[in-house]
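Report on the structure given below.
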Amino acid sequence: MIKDKVVIITGASSGIGEATALLLAQQGAKVVLGARREERLEKIAEQIWQGGGEVVYTGLDVVNPADNAAIVELAKKTFGRVDVIFLNAGVMPTAPVSALKVEEWNNAVDVNIKGVLNGVAAVMPVFAEQKSGQIIATSSVAGLKAYPGAAIYGGTKWFVRNFMEVLRMESAAEGTNIRTSTIYPAAISTELLGGITHEKAAEAMQGLYKQYAITPDRIARVVSVAIDTPEDTTINEFTVGPASQPW
């Protein structure tokens, strides 16, 4: 059941996060939205309120552990509990290693890896205490196989894949009843392309997405399926992309 579940969504100001917030609120979830662009969150929240949904939001930089702890506390203070956290914030630096975009490498590690770790660290004590909870994370098809130009991005997403699978195994062994799901999207129309600073890489990716990309609500539907799965069942991986894309 999705209705009345309290769901935290990071990276909620656009793309997959925004689409998921709108869909889950429509389905009766109580959504807690976090992202750096608080003005965008305000507009999304207003849309949810107008539709009769329940929502609260806050500025969130997933790189900052205190921000992650604060959004968990906001969820508890507002709605009394946390049932799901969707770790969706991410960046997609794309360039050959030889381009030496070292600053972008470090930022990708901070957001795509440390952002996931910070979110889990913030919510794990709550889930462990209540003996229930669900952690969903956005990886990428680049976290399943190697792509030229995606050495750093793919590496961060491979980390998410391994981390989430070990988390699933440990949670089962420890009896905390924490469910995990990792999503591996292919070409999805989001703002990630705008962050590619390498000219040739950006041109290639724009061509790929122009040909194949599907809308973020397709991934939102997958998140909904994961949450709606019975509490004794985990679907730990979803590989999702355009039917026309060979991935």
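Each residue takes its place number in the sequence, starting with 1.
- At most 12 non-hydrogen atoms from other residues, nucleotides or ligands lie less than 6.0 angstrom from CD of Glu129.
- Side-chain atoms of Ile227 and Gln134, non-hydrogen and from C-beta on, do get closer than 4.5 Å to each other.
- Looking only at side-chain heavy atoms (C-beta outward), Phe127 and Ser132 stay at 4.5 Å or farther from each other.
- Connection of Phe86 to Leu23 is not established within any shared hydrophobic cluster, with ILVMFWY side chains joined at heavy-atom distances below 4.5 Å, either directly or through further cluster members.
- With respect to the salt-bridge test (charged N to carboxylate O, under 4.0 angstrom), the residues Glu231 and Lys5 qualify.
- Neither side chain, Glu18 nor Ser13, offers a donor N or O lying under 3.5 Å from an acceptor on the other.
- Using modelled atom types, one finds no donor on one side chain facing an acceptor on the other under 3.5 Å when comparing Glu165 with Thr182.
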>> The test is side chain to side chain contact (heavy atoms under 4.5 Å, CB included); show your working for Leu100 and Trp105 and say whether it passes.
In response: CA-CA 9 Å; Leu100 295 178; Trp105 298 355; 3.8 Å; yes
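- Using modelled atom types, one finds no donor on one side chain facing an acceptor on the other under 3.5 Å when comparing Arg221 with Thr20.
- A donor and an acceptor atom, one from each side chain of Tyr57 and Glu38, are nowhere located under 3.5 Å apart.
- Side chain to side chain, Thr138 and Asn88 meet the donor-acceptor criterion of an N or O pair below 3.5 Å.
- No side-chain donor-acceptor contact under 3.5 Å links Thr176 and Lys131.
- Under 3.5 Å, the side chains of Thr234 and Asn236 contain no donor-acceptor pair of N or O atoms.
- Val31 and Ala21 make their closest contact through CG1-O, 4.1 Å (heavy atoms, listed as atom of the first residue, atom of the second, distance).
- At least one side-chain heavy atom of Pro242 sits under 4.5 Å from a side-chain heavy atom of Ile214.
- The CZ atom of Arg81 lies 4.0 Å from the CG atom of Asp83; values are rounded to the nearest 0.5 Å.
- Taking a cutoff of 4.0 Å between a charged side-chain nitrogen and a carboxylate oxygen, Glu46 and Lys43 do not qualify as a salt bridge.
- In this structure, Leu87 and Ile85 have side chains that are in contact, with non-hydrogen atoms separated by less than 4.5 Å.
- A 4.5 Å side-chain heavy-atom check between Thr78 and Val32 finds every atom pair outside the cut-off.
- Between Ile152 and Glu104 there is no side-chain heavy-atom pair separated by less than 4.5 Å.
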